[in-house]
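Taking it in order: structure first as structure tokens, then the write-up.
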Amino acid sequence: MSQLRAAVGGLRRSGPATHRFGDPAEVEALRGSLLAWYDRCKRDLPWRTLAAAEPDADRRAYAVWVSEIMLQQTQVATVVDYYNRWIEKWPTLQALARASLEEVNELWAGLGYYSRGKRLQEAASKVVSELAGRMPRTAEDLQKLLPGVGRYTAGAIASISYGQATGVVDGNVIRVLCRLRCIGADSSSPAVIDQLWDMANALVDRSRPGDFNQALMELGATVCVPKAPLCGECPVKQHCQARRRVEKELASASQKLFGKPAPVPDVEDCGVGGCPLCPPAAEPWDSSLGVTNFPRKAAKKPPRAVRTATCVLERRGCHGAPEYLLVQRPSSGLLAGLWEFPSVPLAQGLQEEEQKEALADHLQAWTGRPVAAGGLRLIGEVVHIFSHIHQTYVVYSLPLDGDVALDPALSPSRWVTEEEFHASAVSTAMKKVLKACEKRRGMESSPGKGSKRKRGARRQGAGSLCPGTQLSLRAFLRAPTAP
Ligand code: SF4
């Protein structure tokens, strides 16, 4: 890796123009085209409106900071609603510093990557308690002083809120720059990332750095998109080396078709001779991919497969409506502080009966009384993909009769109605789990759709219980297993 860094360092100074922005006139032209396009075409987004209208630098920086954290790994369309609710609830750093983790998780529920919200709240508390409520005023200080603020977020806040002429490199910028300069080496390698930061810092417009950075990201999000970039509509197409390469390939192919000699390669061209920024020799340029030859990434490690048994423990609340037991996850680690149905990790290869035993043992801790594994009913499997985990929830249900005293010595737990469940800080995966249970219940209660066995069980229940009353655990165990 140090050799690659050294080679890239050399290229920054003297390498082929394909990979550099060496001409100041071209840089000026690119800035102008990109900013003019941004002024015409930028999306109307709440954080942009706030940043443009807010005279107070701390409030402006806070508004940008929240948006940047929410936008990490998350689409703009998903973020807008969360952002508006967040800013309405906590319009200032001071308001956020007073919020609890529970409140933050409730608002964040469904947005994913939950540690982001937690870290945002912790960092706001730090600004209020240790920095007298004043946001650091440079990208360097933002990154140094605020937990959870990395180089990208610091650059975005500083350029957009304070007008600091510093670049940003996120996934969209990586894609645009790699295409503009035909960078086909692994774009996640430190050497290439260093090169892209240098490029972003050199390119950023000195008089409108925030707009320039947003324009570059906007271009990546709306025009220079991953799979089918709209090169014909691109405001910087005349500066794009990837497009130039595609045009040359086409010209060369058509010359060959007519039996003419292939064009002589340009001295500024790259692509041969072990260039550290070109695609590796083992994966050369693929004509069928066109500009999407760039960027390239080393293959990701496949996500780790994890299986967890989870139980929708249900009782009848007042007025007969179902209530579900939720327990709170630890305050650190994956899904920190979120609420979930009681769950237990499963060892590889456990059969259904063994899973039930493991889950019943776990449930006993919450219910304070023995739970018969035979009462657990398999609903099915729900798969949820976290960034690095392929999580399968094996879903069981267990209706309880009578009340259950929850042990306050255990982790926090509570009974919630369906409405309360949806307003709680629960993950999207848990919403899928409840949906699976409701779907199963709906199938069983809908005439003509359930199996004979289910219809038989329903008839038996209808004869012995009040309408709307759920089959109790005891009744469930008495229910016939065959018609
Ligand atoms: Fe991206 Fe195409 Fe524009 Fe090049 S011309 S920057 S590949 S959209």
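We count ligands from 1, going down the list as the structure has it; atoms in each ligand are counted the same way. We use all heavy atoms of the structure for the numbers below, so side chains are in, but hydrogens, waters and symmetry mates are not.
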Contacts of Phe421 meeting ring-ring contact (aromatic ring centres under 6.0 Å, His included) (sequence neighbours excluded), chain-then-number -> Phe341

Enclosure of Lys42 NZ (heavy-atom neighbours >12, cutoff 6.0 Å): yes

Applied to residues 139-150, the salt bridge (Lys or Arg N to Asp or Glu O under 4.0 Å) test, sequence neighbours excluded, yields Asp141-Lys144

Taking 2.8 Å as the limit, list every protein N, O or S atom around atom 1 (Fe) of ligand 1, by chain and residue number. Cys224 SG

Would you call Glu420-Arg414 a salt bridge at under 4.0 Å N-O? no

Please list all pairs meeting side chain to side chain donor-acceptor pair (under 3.5 Å) that have one or both residues in residues 226-239, counting only residues at least two apart or in different chains. Glu26-His239

Salt bridge (charged side-chain N to carboxylate O under 4.0 Å, His left out) between Asp198 and Arg20: does it pass, once the steps are laid out? CA-CA 10 Å; Asp198 283 359; Arg20 289 187 292 117; over 6 Å; no

